[in-house]
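Every chain is numbered from 1, with letters handed out A, B, ... down the list of sequences. Everything quoted here is computed from the prediction, not taken from an experiment.
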Amino acid sequence: MLEKNFDFKTAEADVVKRSKEIIAATAVKNRKSQTFTITLPPPNVTGSLHLGHAFTSTLQDVLLRYHRQHGDVTLGQPGLDHAGIATQIIVANQLSDQGVNWQEIGRETFIKKVWEWKEKSGGCIVHQLIRMGMSIDLDRLRFTMDEKSSRAVLHAFTQLYNDGLIFRAKRIVNWDPALKTAVSDLEVTNRQEKGTLWYIHYPLEGDEHQFLTVATTRPETLFGDQAVAVHPDDERYRQWVGRNVRLPLTRRIIPVIADEYSDPEKGSGVVKITPAHDFNDFEVGQRHSLEVLSVMDESARLNEWVPAEFRGLSVTEARKKVLAALEQQGFLEKAEAIQHAVPYNDRSGSVIEPRVTDQWFLDVKKLAPRAIQAVKDGEVQFVPDAWKHTYFDWLENVQPWCLSRQIWWGHQIPVWHTANGKMFCAMNEDEAIAQAAEYFGVDRDRVPALTRDPDVLDTWFSSSLWPFSTLGWPEATADLRTYFPTDVLVTGFDIIFFWVSRMIMMSLYFTNSVPFRKVYINPLVRDEKGQKMSKSKGNVIDPLFLADEYGVDALRFTLTQMAIPGRDIRVGASSVEIGRNFMTKIWNAAKFLERNQCLELREEEKTGGELSFALNRWIVAQAVAFKKKAKQDLEDMRFDFFAQGLYRFMKEIYCDVYIEGMKAGLANASPNVAAEIRGVARGVFLEFLKVAHPVIPFITETLWTQFGCSGMLLTEPWCEGPLEAADPAEKEDFYISVTEEVRSLRGLVGLSATEKLHLVAAVPDSFLGENREWFAALARLDSVECVKALPKNLSGLYFAKGSCEFCLKYPQELDLQKAKEVFAKKIQERENEVQRLKAKLSNEAYKKAKPEEWAKDAAAFEQKKEELQRMEAVRL
RNA sequence: GGUCACAUAGCUCAGCGGUAGAGCAUUGCGUUCACAUCGCAAGGGCCAUAGGUUCGAUCCCUAUUGUGACCACCA
């Protein structure tokens, strides 16, 4: 017996339990040898999953389940990401809440603490994934810092190093002074802020009455200035080029140089060049062989290279004090309020200070061309296609990737240094020593002391290897042969640079193959008001909260239905009601089947064959079309269409028409026909369950079992057999449309739903006579009478449909005026249609260009004209 | 400054070279034994603006306006 309502909590737990082994087994063996693989983007172990994760997870699971049902060996490779900086920040903050300074407890102890956190957060995430119905095998769960992944990272790094693609260089990088580490360009966000542009006098050497006015927003970096630059074509300053100025507040003399970087339009047209603290200035410095003088330490405090009174000051303090000193000594001309961009670290929120340091870089420029070509050649396809522009733009202008981070949590760089700067890159210390021994030509124990580079790799380095490192690379494993390259990557547009492009580059470099065939860029999930969800705004929705309230199926259905390519989606609790209501509808339909003895399995009816009940023929034809479209939608990755198709078929076709009609059918049919109806009702419903299963696994599995079917939908193929052979059921379609017309008329003239109505129908054949029961039920009629021709002066609501005429007999109390209006309106509708078609058909060019379409329109025109003529001939 | 999206019903959004659809909201009717987490029906749109291509444009092209995103930009 089915419960009154779908008890999703019990069902979810039960289905998860029953699915586990099958999911694991079908990752190895299924009916076909063809594989389908998705490497799930590994969530960061920084907490728990949010609604965006639930969204992409659902879409990926829909694909996994669809392919598993169709017999593919199906692997959804799960994993977790160590998320270097992000995780380190979280754990450091937790320690600080407990009054512990993470820097004081030392690297080893700190890392131990992070691993403890990882266990906790990872466990939470895994639990959430399973709860969401992800059909993944947790025995295959990987972590970017587990032993195998770490080996892959070491291997990749040493190979790139040996191939000369990884180098160490002293360069200006984005430096986070709070975390004291370099961060990549991608992690820096520029925010427009109010600032001040200060105009400062730089006196001419030898004649301090003359001066150049330099405009800057960064007066505190003045101590690092190596030159002032003017534009070579700037007449105002031409005579200054080649002379020297004195740096205010100091005795230092710097040259005036000419460089195109200087923009005469901006500020005073004279710009100070501070190579150690500005990216552009660094480049200017390179061009003019200027010295790089860093005047800040790792915490962005002024260092020993500045006058004593400014040492140790932070940027803000120093700025204040420098300005005061400039003003006091008469160097400050004016201050101007401006808007300018200030760089922030995404992760930590601190202001970035460009800083010159030794860092490790990957020469991405050498890897990019192949990656670009792979997408151009269609080896990797973006869905939606437009995202490839973003991908190309970035790769075509890509800069060396700063790989090193001065933090503790991550893969430590496998390079060992000698005291005087010789480096050995190796898989481990032993090998490094061996290399050193060979290099120096000495025994192992005579090798100079080696220290391992303290830096760790950018977290995205391990991620870039993920699709193949999870399958066993660098070993040539069976998994790698079986599952690689993978089929689809589902991810957000925000990590096309961070992740997608780098995976493609690394994969092509190391495996000579693309990592995946398709990249589905999923829409961004926003809240109901269209705001990006973020912890700071407090509008983050926990998917499990929604799942608890509405059920996982409801949530999955809602999310799937909203997966419109290329547009952000807005989700709130109320959107999940759509899904919840639909689950209720399905459940109620099942209850109806149960009460009408449709649940028992009857082999002979399941096979279909000749169907005698007209609506059976009709629903089978509908089911065939529905399934065909569902398949196409999934192949096209139109998840929204797929979900919509499920909704339409179940609600508007199966429930609204078929079930309503079969009630009448069952009541009037012979035992044989009744049995046929029950069989078809059941068969079509089961077919729906199969098709719907990828989106709503829990309710469908539960009903599958309740209907007495063996096995699980998880591996149940969509029926390819008898249901495929169906006739188009045109007559049924026609009369169903007549029932709609009757219902519409009844409402329009204001007849109550309880009013008994009689329909007289002038029809050419016996079809309606033989099918009057379900027809009457669908049209809400009391009785139907078939005649050869409508008698004259028949009082009632007249309408024509095709070549058939109908008269709905109304009761005495009907508002005649209203009835006339309705009749006029119906005539008008047809009139408009006839006029439109007539104009269209008279277009000779149209007839010539599209003869088939023209013919179709001509047929429609004839029909509408006939209807119109019939109706016009009638007097109400 | 550059690039890419988007502009359709009150709201959120589909769609398509042959003058438009859904969900929610609104209005009317209705609890006939699957379903009030409901059913039936109705109202509601110059498809941003201006040109162009075409026999025909909401759809393709160009421009404009507006919105959003990304990249660049610390004088």
On the nucleotide A75(B), are OP1 or OP2 found under 4.0 Å from the side-chain N or O atoms that H340(A) carries? yes

Do D640(A) and Q644(A) have side-chain atoms, one donor and one acceptor, less than 3.5 Å apart? no

State the dot-bracket string of RNA chain B. Criteria: Watson-Crick or G-U wobble, both atom distances under 3.5 angstrom; notation: ( ) intrastrand, [ ] crossing earlier pairs, | interstrand, . unpaired. (((((((..((((....[..)))).(((((.......))))).....(((((..]....))))))))))))....

Taking atom types as modelled, find out whether E333(A) and H201(A) have a side-chain donor-acceptor pair closer than 3.5 angstrom. yes

Do the rings of Y520(A) and F639(A) sit parallel, tilted or perpendicular, given the 30° and 60° boundaries? perpendicular

Look at the side chain of Y654(A) against the base of A34(B) and say whether a donor-acceptor pair falls under 3.5 Å; ignore hydrogens and angles. no

Should R567(A) be listed as having a side-chain N or O under 4.0 Å from OP1 or OP2 of A14(B)? yes

Classify P354(A) by what it touches in the nucleic acid, base, sugar-phosphate, or nothing, heavy-atom distance under 4.0 Å. base

Under 4.0 Å, heavy atoms only, any strand: does F279(A) hit a base, just the sugar-phosphate, or nothing? nothing

Sugar-phosphate, base or nothing in reach of Y199(A), heavy atoms under 4.0 Å: nothing

Once you apply a heavy-atom cut-off of 4.0 Å, does L748(A) come out as touching a base, just sugar-phosphate, or nothing? sugar-phosphate

Contact class for D494(A) (heavy atom, under 4.0 Å): base, sugar-phosphate, or nothing? nothing

Does any donor atom in the side chain of K591(A) or N588(A) lie under 3.5 Å from an acceptor atom in the other side chain? yes

Interface polar pairs with nucleotides 23-25 of chain B, N/O, under 3.5 angstrom:
none

Check the phosphate of C70(B) against T390(A), side-chain N and O only, distance under 4.0 Å to OP1 or OP2. Yes or no? no

Out of Q828(A), E829(A), R830(A), which one pairs with N832(A) under the side-chain hydrogen bond (donor to acceptor under 3.5 Å, both in side chains) rule? Q828(A)

